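FYI, side chains are in, hydrogens and waters are out, and symmetry mates aren't considered; it's all heavy atoms of this structure. Please read all numbers here as calculations on a predicted model, not as lab measurements.
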Amino acid sequence: MSLSKRVSNWFSERLGLNDLPFFKTPDYMYHVNEWLGALVAASFIYTVISGLILLLYYNAAAGYQSTETIINQIPYGSVVLYSHLYGSYAMIILAYVHMFRNYFAGAYKKPRELLWILGVLMLVLTLGASFLGYSLIGDALAVSAVDVGAGIITSIPQLSFLIPIIFGNYDTGDYTRVLALHIILVALIGLLFVFHFFLAESYGMMPSRKVKPKAPAVYTKEEWSKFNPWWPRNFVYMSSLIFMTWGFILAIPNALAYLNGLPQYFNPFMNPKPAPPPNSPAAAHITTYPPWFFLFLYKIADFTSDVVVFLMIGVIIPLVYLIILPFIDRSDELHPLRRKVFTGIGILMITYLIQTSLWGDLAPGVEVSVKDQVVAYLIPAIIVALGLTFIKPMNDQMKLTRGISPMTGILFVIVSLLFAGSVVQLIDYPNLFTFAITAFMGSLFFLGSKTMGKLVLSQRIPNNAVPEVKTAEVSASNETKKKFAEILMSVLFILVVIIVAQMWTIPPTGYASNLFGVDLGLVFLMLGEVISLYHYVVYKKPIEKEE
């Protein structure tokens, strides 16, 4: 018996890991898109750990000065602070991706309604906790953001009494109240996370539509009993994802800390450093804007002077819709093209979120007429409505047996032309907006090319017959890949040792200290890849079942 097997058995016996009521996983689910919830949890855990470290040094009674002390005087304080900030950023982005992935997969349908609602509430709490955490910096941007938040609350009749309860004396630099509320919201996220996690383990991950095309999509106990147990394979795979998530959270902000002189519209998204203090002369020369995850609300505030209308458009209607979604989409269909109304709403929610956020970044605080609002939001709605009208659901098993339909060809040509046009616009007018449009059209072109490539290649197979699987060749190929993976693991280990040996020579404070964060992030990324390769070598079966 190998050493790793003996270690695994020791932990399993001592901790009773195989007796835990955790979901057993079929072979085809070992892909990152099935584990987005684990990525969100990894971001949350990192942010909590780094936040607890910051609590040892942060003085809420002097927010800005305390932040500067952490960055400039505490050993590797800037590494912890910047990665704490980006840990929350990663959590927000991954939570959106996780939520919309489940939205289009129909993962809010029976029996996962409560799981979905808890997830939506956790996203709201995450946005609130992130806003308060961002405010703790106490720089000119944070004070401006809190001013806007306080102004919105004050505009609502009978709610002014909440200002001192929520924000305290923040205008004097005292963030005691903000810190307390920040911790309370994080604790609530943790509490809901426990319920969310155990419900997810109880129902199991959403089966493929090829296996369960309609709700309720759950495996039976008989099917479930044949899958891979949680320990050790799930644990190993999940560990690789956690390490890589932490690697990105550490490496990216500490690398960005060395980018100076960024254009103003890049600052809300990329700059991890604080802005000048609110009462300094330098504060007068910066454009005030909220954190990037509230830029869409910032722009919606330019649409109307009525706070109630603003809250209805920006907060209440989208939130209520997401919460009641499991109860208004009553069909048992899981295919997104068989529930086009809800799919269209989901596409528009993503489009409007990105569109309005970029608008808020490029034209902050500029009032928008009703006519411009209609033009900006009606065009995407028409495109989505027309697109969903013409696109028909295709049987998954028929995808590779059908040729290229005239409509598919026309759509691909249109996307290609739009992509080419956006590239020309980007060259002529290089700015964030044209870059975003080009990136979006480029993504559509890439997806279209990929789909068209599959269709073209599938037509080369005579009679669309399924090629016979040659077991011996597959086994030999897998053995070769596993040998290569073992060599790569050794190389990565050597690189990790080299980086760890030199990273301790990096000064703990000052300009070079963020290199420590970059190196530590690279170490986590490589260790995550090593664990992923180990999972492949030890647990990957010669021919794993698909669906």
Colleague: I'd like to know if the side chain of Q355 and the backbone of A376 have a donor-acceptor N/O pair within less than 3.5 Å.
Modeller: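 The answer is yes, because a donor-acceptor pair under 3.5 Å joins these two groups.
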Colleague: To the closest 0.5 Å, what do you measure between CD1 (I53) and CG (L81)?
Modeller: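 Between atom CD1 of I53 and atom CG of L81 there are 11.5 Å.
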Colleague: Could you go through I499 and M526, starting from their C-alpha distance and side-chain angles, then the distance that decides it, and tell me whether this counts as side-chain contact (heavy atoms from CB on, under 4.5 Å)?
Modeller: CA-CA 11 Å; I499 292 176; M526 284 189 277; 3.1 Å; yes
Colleague: Are M244 and I531 side-chain neighbours, meaning at least one heavy-atom pair lies under 4.5 Å?
Modeller: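 M244 does not reach I531 side chain to side chain.
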Colleague: If you take all heavy atoms of A129 and L185, which pair is closest and at what distance?
Modeller: N-CD1, 3.6 Å
Colleague: Atom CG in L520, atom CG in L250: separation rounded to 0.5 Å?
Modeller: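 Going from CG on L520 over to CG on L250, the span is 5.0 Å.
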Colleague: Can you label the angle between the Y237 ring and the H535 ring as parallel, tilted or perpendicular, going by 30° and 60°?
Modeller: tilted
Colleague: Would you indicate whether the side-chain heavy atoms of Y96 and L123 approach each other to under 4.5 Å?
Modeller: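 Answer yes - side chains close enough.
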Colleague: Tell me the closest heavy-atom pair linking V97 and L36, and the distance in Å.
Modeller: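 Answer, listing the atom of V97 first, then L36: CG1-CD1, 4.0 Å.
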Colleague: If only atom types and distance count, is the side chain of Q373 paired as donor or acceptor with the main-chain N or O of V368 below 3.5 Å?
Modeller: yes
Colleague: Which heavy atom of L295 sits nearest to which heavy atom of P268, and what is that distance?
Modeller: CD1-CB, 4.2 Å
Colleague: Measure the acute angle between the ring planes of Y103 and Y108, then classify it against the limits of 30° and 60° as parallel, tilted or perpendicular.
Modeller: tilted
Colleague: Apply the test side-chain contact (heavy atoms from CB on, under 4.5 Å) to residues M91 and I189: give CA-CA distance (whole Å), side-chain angles for both, the deciding distance (0.1 Å), then the verdict.
Modeller: CA-CA 12 Å; M91 190 176 167; I189 294 170; 4.0 Å; yes
Colleague: Taking the side chain as every heavy atom from C-beta outward, state whether F303 and V309 have any pair of such atoms under 4.5 Å apart.
Modeller: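 Of all side-chain heavy-atom pairs linking V309 with F303, none is under 4.5 Å.
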Colleague: For G528, does its backbone N or O pair with a side-chain atom of S532 as donor and acceptor, under 3.5 Å?
Modeller: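 No.
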Colleague: For P276 and I286, work out which heavy atoms get closest and say how close.
Modeller: CD-CD1, 4.1 Å
Colleague: Check whether the side chains of S135 and Y175 place a donor and an acceptor atom closer than 3.5 Å, and report yes or no.
Modeller: no
Colleague: Ignoring hydrogens and angles, state whether a donor on the side chain of Q502 or D519 is under 3.5 Å from an acceptor on the partner side chain.
Modeller: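 Looking only at side-chain atoms, D519 and Q502 do form a donor-acceptor pair, the distance falling under 3.5 Å.
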Colleague: Counting the benzene-type ring for Trp, do W359 and F296 have ring centres under 6.0 Å apart?
Modeller: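 Between W359 and F296, the centre distance exceeds or equals 6.0 Å.
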Colleague: Would you please classify the geometry between the F198 ring and the F22 ring as parallel, tilted or perpendicular, with 30° and 60° separating the classes?
Modeller: tilted
Colleague: Just wondering, more than 12 heavy atoms not from E367 lying within 6.0 Å of its CD?
Modeller: no
Colleague: Mind checking whether Y377 and Y352 have ring centres under 6.0 Å apart?
Modeller: yes
Colleague: Within the distance-only criterion (no hydrogens, no angle test), does the side chain of H182 pair as donor or acceptor with the backbone N or O of S130 below 3.5 angstrom?
Modeller: no
Colleague: Grab the two heavy atoms, one from H84 and one from S50, that are nearest each other, plus how far apart they are.
Modeller: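 In terms of heavy atoms, the two residues are closest at ND1-OG, 2.9 Å.
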Colleague: Please check: side-chain N/O of T356 versus main-chain N/O of L353, any donor-acceptor pairing under 3.5 Å?
Modeller: no
Colleague: Does L181 reach the side chain of F167, with side-chain heavy atoms less than 4.5 Å apart?
Modeller: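 SC-SC contact between L181 and F167 ruled out.
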Colleague: Once you round to the nearest 0.5 Å, how far does OH of Y64 lie from OG of S280?
Modeller: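 Answer rounded to 0.5 Å: 7.0 Å.
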Colleague: Quick check on F44: does its CZ atom have over 12 non-hydrogen neighbours (other residues, nucleotides or ligands) under 6.0 Å away?
Modeller: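 Buried by this count: over 12 neighbours within 6.0 Å.
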Colleague: Within the structure provided, determine whether E201 and F23 are in side-chain contact (heavy-atom separation under 4.5 Å).
Modeller: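 SC-SC contact between E201 and F23 confirmed.
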Colleague: Any donor and acceptor pair, going by atom type alone, linking the side chain of Y289 with main-chain N or O of G360 inside 3.5 Å?
Modeller: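 Such a contact is absent between Y289 side chain and G360 backbone.
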Colleague: Carefully, step by step, assess Y57 and T69 under the rule side-chain hydrogen bond (donor to acceptor under 3.5 Å, both in side chains).
Modeller: CA-CA 9 Å; Y57 301 100; T69 300; over 6 Å; no
Colleague: More than 12 heavy atoms of other residues, nucleotides or ligands under 6.0 Å from CZ of F197: yes or no?
Modeller: yes
Colleague: I'd like to know if the side chain of K110 reaches the main chain of A215, judged simply by a donor and an acceptor atom lying under 3.5 Å from each other, with no hydrogens or angles considered.
Modeller: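 No; judged by distance alone, with no hydrogens or angles, the pair does not exist.
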Colleague: Enter the distance from F104:CZ to F342:CZ here, rounded to the nearest 0.5 Å.
Modeller: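 The CZ atom of F342 is 13.0 Å from CZ of F104, to the nearest 0.5 Å.
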Colleague: Is there a side-chain contact (heavy atoms from CB on, under 4.5 Å) between L159 and T154 once you walk through the steps?
Modeller: CA-CA 6 Å; L159 290 186; T154 306; over 6 Å; no
Colleague: Please test F11 against W231 for side-chain contact (heavy atoms from CB on, under 4.5 Å), starting from the C-alpha separation and ending with a verdict.
Modeller: CA-CA 9 Å; F11 275 105; W231 176 267; 3.6 Å; yes
Colleague: Between the main-chain N or O of L136 and the side-chain N or O of Y58, is there a donor-acceptor pair closer than 3.5 Å?
Modeller: yes
Colleague: Counting N and O atoms only, with roles assigned by atom type, does the side chain of T343 sit under 3.5 Å from a partner on the main chain of P336, one being a donor and the other an acceptor?
Modeller: yes
Colleague: What closest approach, in Å, do R112 and G204 show between heavy atoms, and which atom pair accounts for it?
Modeller: NH2-O, 3.0 Å
Colleague: Working to the nearest 0.5 angstrom, can you tell me the gap between L334 CG and K109 NZ?
Modeller: 6.5 Å
Colleague: Can the ring centres of Y89 and Y86 be said to be less than 6.0 Å apart?
Modeller: yes
Colleague: Side chains of W116 and M99, heavy atoms from C-beta outward: is any pair under 4.5 Å?
Modeller: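 Result yes, sub-4.5 Å side-chain heavy-atom pair found.
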Colleague: Counting only heavy atoms not in Y321, do more than 12 fall under 6.0 Å of its OH?
Modeller: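 Count over threshold, so yes.
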Colleague: Answer yes if the side chains of T176 and D174 hold a donor-acceptor pair under 3.5 Å, and no otherwise.
Modeller: yes
Colleague: Given side chains that start at C-beta, do those of W35 and M205 come closer than 4.5 Å, heavy atoms only?
Modeller: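 W35 vs M205: side chains touch.
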Colleague: Do S78 and S513 have side-chain heavy atoms sitting under 4.5 Å apart?
Modeller: yes
Colleague: More than 12 heavy atoms of other residues, nucleotides or ligands under 6.0 Å from OH of Y258: is that the case?
Modeller: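 Yes, OH of Y258 has more than 12 neighbouring heavy atoms, counting only those of other groups under 6.0 Å.
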Colleague: For the side chain to side chain contact (heavy atoms under 4.5 Å, CB included) test, which of D361, I92, L358 pairs with W292?
Modeller: I92
Colleague: For Y170 and D147, does a side-chain donor sit closer than 3.5 Å to a side-chain acceptor?
Modeller: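 Indeed, the side chains of Y170 and D147 share at least one donor-acceptor pair under 3.5 Å.
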Colleague: If you measure from CG on L54 to CD1 on I70, what distance do you get to the nearest 0.5 Å?
Modeller: 5.5 Å
Colleague: Tell me whether T245 contacts the main-chain N or O of L241 through its side chain, where contact means a donor paired with an acceptor under 3.5 Å.
Modeller: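 Side chain of T245 to backbone of L241: a pair is present.
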